[in-house]
Amino acid sequence: MTTPDAPRPASLGQVLRERWDLVLVIGLGGALGSLGRWGVAGAMPHSGADFPWSTLLVNVLGSFLLGSVTVLVGEVWPRQRYLRPFVGVGLLGGFTTFSTYALDARGAHAAGSPAVAMSALVLTLMLAIPAAWAGLRLTRTMVRRRP
């Protein structure tokens, strides 16, 4: 149920007209992040039955970096309009890939390697969530030690 005073959600066209600069910054960061992930996948290729090490690497590293960026944007440079959209949403959003993570697991299962599929699913969660926490803690500790 909506109230009469509730603001109407903006349309996609309105968002693009009013925040085109942020859309551009996010798109640029996303393109760079996607190229980085593509490079890692090219350096560490795998078949459907093999463990997807490149996907695990980008998701764990990206989670760690996103934890760090969260502290930097929130506590060190809170007034930087483009930092979070560029690095957090665009660059790291394009670098990490939880859709590929799900497809890799499905592909391993379909290729007759259910143990690989399950280990990829579980290992990614077991490493990515602590990596994000470690990025937050380590960066916060380093920021507080600054003179």
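With a 4.5 Å cut-off on side-chain heavy atoms, Tyr101 and Leu121 count as touching. Contact of the Val69 side chain with the Leu83 side chain is not registered, since no non-hydrogen atoms from C-beta on lie closer than 4.5 Å. For the pair Tyr82/Leu22, a side-chain contact is recorded, criterion being any heavy-atom separation below 4.5 Å from C-beta on. A heavy-atom distance below 4.5 Å is found between the side chains of Arg84 and Val89.
Pairing each heavy atom of Asn59 with each of Ser63, the nearest pair is O-OG, 2.7 Å. Of all heavy-atom pairs spanning Gly88 and Leu66, the tightest one is CA-CD1, 4.0 Å. Closest heavy-atom contact between Gly48 and Ala111: C-CB, 4.0 Å. Minimum interatomic distance between His46 and Ser54 (heavy atoms only, all atoms of both residues): CD2-OG, 4.1 Å. The shortest non-hydrogen separation linking Val60 to Ala131 is O-CB, 3.5 Å. Contact between Gly135 and Ser68 at its shortest, heavy atoms only, is O-OG, 3.4 Å.
Between the CG atom of Leu91 and the CG atom of Leu65 there is a distance of 8.5 Å, given to the nearest 0.5 Å. Here the CG atom belonging to Leu16 is positioned 11.5 Å from the CG atom belonging to Leu24, to the nearest 0.5 angstrom. Atoms OG1 and CG, from Thr100 and Leu56 in turn, are 13.0 Å apart once rounded to the nearest 0.5 Å. Here the straight-line distance linking atom CG of Leu127 with atom CG of Leu61 works out to 12.0 Å at 0.5 Å rounding. Considering CG of Leu92 and CG of Leu32, their distance stands at 11.0 Å, rounded to 0.5 Å. A distance of 13.5 Å separates CZ in Phe98 from CG in Leu103, rounded to the nearest 0.5 Å.
By the salt bridge (Lys or Arg N to Asp or Glu O under 4.0 Å) test, Arg37 is found to be paired with no residue, residues two or more places apart in sequence or in another chain being considered.
The cluster map of Ile, Leu, Val, Met, Phe, Trp and Tyr, joined by side-chain heavy atoms under 4.5 Å apart, puts Leu28 and Leu35 in different clusters. Under the 4.5 Å side-chain heavy-atom criterion for Ile, Leu, Val, Met, Phe, Trp and Tyr, Trp77 and Val73 are members of the same hydrophobic cluster. Criterion: ILVMFWY side-chain heavy atoms under 4.5 Å apart, direct or through other members. Under it, Leu72 and Ile26 are not part of a common hydrophobic cluster. There is no path of hydrophobic side-chain contacts, each under 4.5 Å, that joins Val87 to Val23. Taking hydrophobic clusters as Ile, Leu, Val, Met, Phe, Trp and Tyr residues chained together by side-chain heavy-atom distances below 4.5 Å, Ile129 does not share a cluster with Val122.
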Could you walk me through whether Asp104 and Thr55 satisfy the side-chain hydrogen bond (donor to acceptor under 3.5 Å, both in side chains) test, starting with their C-alpha distance in whole Å, then the side-chain angles of each, then the deciding distance to 0.1 Å, before giving a yes or no?
CA-CA 8 Å; Asp104 285 345; Thr55 306; 2.6 Å; yes
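The main-chain N or O of Val116 is never found under 3.5 Å from a side-chain atom of Ser113 such that the two would form a donor-acceptor pair.
A 6.0 Å sphere centred on NE2 of His109 holds no more than 12 heavy atoms belonging to other residues, nucleotides or ligands.
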